[in-house]
*Asks:* 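Before I ask anything, let me first share the structure, which is written out below as structure tokens.
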Amino acid sequence: MRKLLNTLYVSSQGAYLRKEGETVVVEVGGEKKLQLPIHTISSIVCFGNVMCSPFLMGFCAERSVAISFLSERGAFLASARGAVSGNVLLRREHYRKADDADSSLSIAINIVKAKLSNSLAVIHRAIRDHGAKINVNLLKDAANKIKRLIKTLSDAKDLDEVRGYEGEGSYEYFAVFDQLILEQKEDFVFNGRNRRPPLDNVNATLSFAYVILSHDLRSALESVGLDPQVGFLHRDRSGRHSLALDMMEEFRSVIADRLVLSLINRRQIAKKEFAKSASGAVTISDSGRKTILTEYQNRKQEEIFHPYIDEKVKIGQLFFIQANLLARHIRGDIDGYPPFFWR
Amino acid sequence: MRESEADPILISALQHAMFCERQYALIHLEQIWEENRFTAEGRVLHERVHTEHKESRRLFRQEYDMSARSPKLGLVGKCDLVEIWLDPKTKQPVRVNPVEFKRGRKKANDVDRVQLCAQALCLEETFNLPIDAGEFYYLQERRRVGANIDDSLRARTIALIDKIRAINISRKTPIAIYDKKKCDRCSLIDFCMPKYAAKSVNRYMRYQTAKTLES
């Protein structure tokens with residue numbers, strides 16, 4: 001399996017990134033802080049006021065290293081990339097399948113099945129590990145409702161129906177999510193998902209975790225030549241990376257949510273990292289974001305068994321594998337899209 | 001315009017198709033390219049070849065890195081070296097000898113011979129001269145070895161070109177067939193995923209769903 005490369009996250013305000021030979025140099029206040037060979041990184045994510053020289057951008061494009069520019073809080077602003085990937089046959093087939101109701105439906109059903117199954121895995125793990133401390137009946141009840149939805153999904157007639165089951169499943173899952181927070185409960189209260197802006201510490205952390213996850217999926221999709229804007233489950237909307245959002249569904253709970261839960265439950269992140277503005281929007285401090293990013297990068301190095309490809313792989317490789325499996329399905333190599341099931 | 005003119009086949013692509021038709025399609029139809037040790041070594045060698053000097057005498061010319069094409073076969077590419085002998089009276093070419101550079105001291109294999117033959121086919125058309133032999137030059141040994149371009153080699157090369165054209169026209173990437181010896185050293189294995197082509201996704205979904213429901 002191809003090597004798992006690192007993502008370079010730059011959050012120091014006023015940092016300047018430039019090319020030096022075959023390396024990327026990060027300067028802060030005119031001082032060289034970091035120098036990395038290009039072949040060790042797969043993408044660069046810049047938060048806020050971070051500048052890149054045009055030569056570095058061209059160099060990265062040439063080496064298929066994605067550069068994304070996000071606001072300081074993590075909202076997507078722009079990305080720099082080189083010439084569009086050459087695989088026009090794949091892109092055309094991708095659009096045809098996205099326009100075709102049956103093809104989209106079967107891909108969407110598989111994605112949502114895996115999504116619900118994986119959120120079930122998070123609930124089951126909590127029951128197994130912390131059964132004594134939590135309301136097991138509540139969790140089992142939610143689990144059973146989600147199972148029923150998974151069963152019904154196979155018979156979904158159209159995408160709206162699939163979206164409906166997905167929505168119900170997410171609702172059931174987030175209805176018991178507060179149960180999974182075991183420590184610092186007074187500082188991390190969860191009363192359902194809210195975003196744009198997030199209104200509490202848990203939602204702020206979740207939103208940030210989803211942003212970094214979606215960046216990885218977008219660059220994985222681009223690296224195999226798919227168009228991240230054209231989704232199957234999510235409808236096209238200008239400026240939205242619908243396919244990246246589709247692919248995220250399998251991973252949200254098991255990668256992002258579990259990351260957030262363990263940061264809170266292991267007290268790696270605390271109340272002092274959050275600030276509430278007059279509007280009620282909650283923001284995370286620089287050091288808080290750094291903690292999340294570091295832990296996320298550590299997670300990506302962990303190994304996990306992939307039931308379809310029947311191999312142990314690093315979590316960080318899953319995004320490329322899934323993007324490529326989708327591309328292979330679109331090109332007709334395999335009879336469906338096999339999503340990732342967490343066991 | 002005929003398909004062969006609109007969409008010429010690269011001589012360098014013949015080696016991909018000969019190694020594996022799917023590899024050819026992934027590189028040339030789907031434009032996937034992953035560099036590994038083998039391709040990197042090849043590129044380094046090429047840079048060396050192209051810095052070689054040129055030589056020219058009155059009735060003998062050496063053209064390094066010469067473009068070659070055959071409109072008839074729809075083939076284009078480069079020859080590492082082409083040697084041309086001129087007639088003393090007419091100053092027209094009377095003999096043409098393609099020389100293909102190879103790293104190391106290894107004997108030429110079939111892939112190399114097909115590539116040399118394709119060059120010869122192009123040069124025959126350009127110079128309107130029969131070419132029944134070429135040479136391989138081994139950089140490490142600094143030694144030349146002759147190679148016959150006989151009828152069976154020609155037939156194989158043309159069959160391969162036809163096969164490639166058929167893939168180009170169909171725009172279909174041939175399905176993967178896992179071959180440990182070949183696949184494990186192929187730089188495209190992570191994109192190709194040869195082990196999973198025959199694996200049913202429907203069965204996988206049924207199994208995984210059942211497993212979730214009984215959890």
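Sequence lines set the chain letters: A, B, ... in the order given, protein chains first and strands last, and positions in each chain run from 1.
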*Asks:* If you round to the nearest 0.5 Å, how far is CD of B/Q31 from CG of A/N87?
*Replies:* 7.5 Å
*Asks:* Looking at A/R96, I'd like to know if its CZ atom is crowded, meaning that more than 12 non-hydrogen atoms belonging to other residues, nucleotides or ligands lie closer than 6.0 Å.
*Replies:* yes
*Asks:* For A/L325, is it the side chain, the backbone, both or neither that has a heavy atom under 4.5 Å from a heavy atom of chain B?
*Replies:* both
*Asks:* Against chain A, label B/R206 side chain, backbone, both or neither, depending on which of its atoms sit under 4.5 Å from a heavy atom there.
*Replies:* neither
*Asks:* Which distance, rounded to the nearest 0.5 Å, do you find between the OG of A/S154 and the CE of B/M205?
*Replies:* 8.0 Å
*Asks:* Check whether B/K199 gets within reach of chain A through its side chain, its backbone, both or neither, counting any heavy atom under 4.5 Å.
*Replies:* both
*Asks:* Compare every heavy atom of A/S117 with every heavy atom of B/T212, then report the nearest pair and how far apart it is.
*Replies:* OG1-OG, 2.7 Å
*Asks:* Using the ring of each side chain (for Trp, its six-membered ring), is B/Y204 parallel, tilted or perpendicular to A/Y308, with breaks at 30° and 60°?
*Replies:* perpendicular
*Asks:* For the pair B/V201 and A/Y337, evaluate side-chain contact (heavy atoms from CB on, under 4.5 Å) and give the outcome as yes or no after the intermediate values.
*Replies:* CA-CA 7 Å; B/V201 172; A/Y337 168 64; 5.8 Å; no
*Asks:* Is there a side-chain contact between B/M193 and A/N324, using heavy atoms and a 4.5 Å cut-off?
*Replies:* yes
*Asks:* Quick one: pull up OH in B/Y196 and CZ in A/R328 and give me the separation to the nearest 0.5 Å.
*Replies:* 13.5 Å
*Asks:* Does any non-hydrogen side-chain atom of B/T209 lie less than 4.5 Å from one of A/K151?
*Replies:* no
*Asks:* Could you tell me the separation between the CD atom of B/E30 and the CZ atom of A/R91, rounded to the nearest 0.5 Å?
*Replies:* 11.5 Å
*Asks:* Is the number of heavy atoms from other residues, nucleotides or ligands under 6.0 Å of B/N128 CG greater than 12?
*Replies:* no
*Asks:* Are there more than 12 heavy atoms of other residues, nucleotides or ligands under 6.0 Å from atom OH of A/Y95?
*Replies:* yes
*Asks:* Taking all atoms of both residues into account, what is the closest heavy-atom pair of B/D190 and A/F320, and its distance?
*Replies:* O-CE2, 3.9 Å
*Asks:* Would you indicate whether A/R163, at its atom CZ, is surrounded by more than 12 heavy atoms from other residues, nucleotides or ligands within a distance under 6.0 Å?
*Replies:* yes
*Asks:* Measure A/R343 against the heavy atoms of chain B and call it side chain, backbone, both or neither at under 4.5 Å.
*Replies:* side chain
*Asks:* Is A/K113 in contact with chain B via its backbone, its side chain, both, or neither, using a 4.5 Å heavy-atom distance?
*Replies:* side chain
*Asks:* Can you give me the closest heavy-atom contact between B/K195 and A/E311, atom names plus distance?
*Replies:* NZ-OE2, 4.2 Å
*Asks:* Kindly compute the distance separating CG (B/N202) from CG (A/N110), expressed to the nearest 0.5 Å.
*Replies:* 7.5 Å
*Asks:* Give, for atom NZ of B/K172 and atom CG of A/D333, the distance between the pair rounded to the nearest 0.5 Å.
*Replies:* 10.0 Å
*Asks:* Is a salt bridge present between A/D335 and B/R203, judged by a nitrogen-to-oxygen distance below 4.0 Å?
*Replies:* no
*Asks:* Give a yes or no on whether A/F305 atom CZ has more than 12 heavy-atom contacts from other residues, nucleotides or ligands under 6.0 Å away.
*Replies:* yes
*Asks:* Quick one: does A/P338's side chain get under 4.5 Å of B/Q208's, heavy atoms only?
*Replies:* no
*Asks:* Crowded around B/I177 CD1? As in, over 12 foreign heavy atoms under 6.0 Å?
*Replies:* no
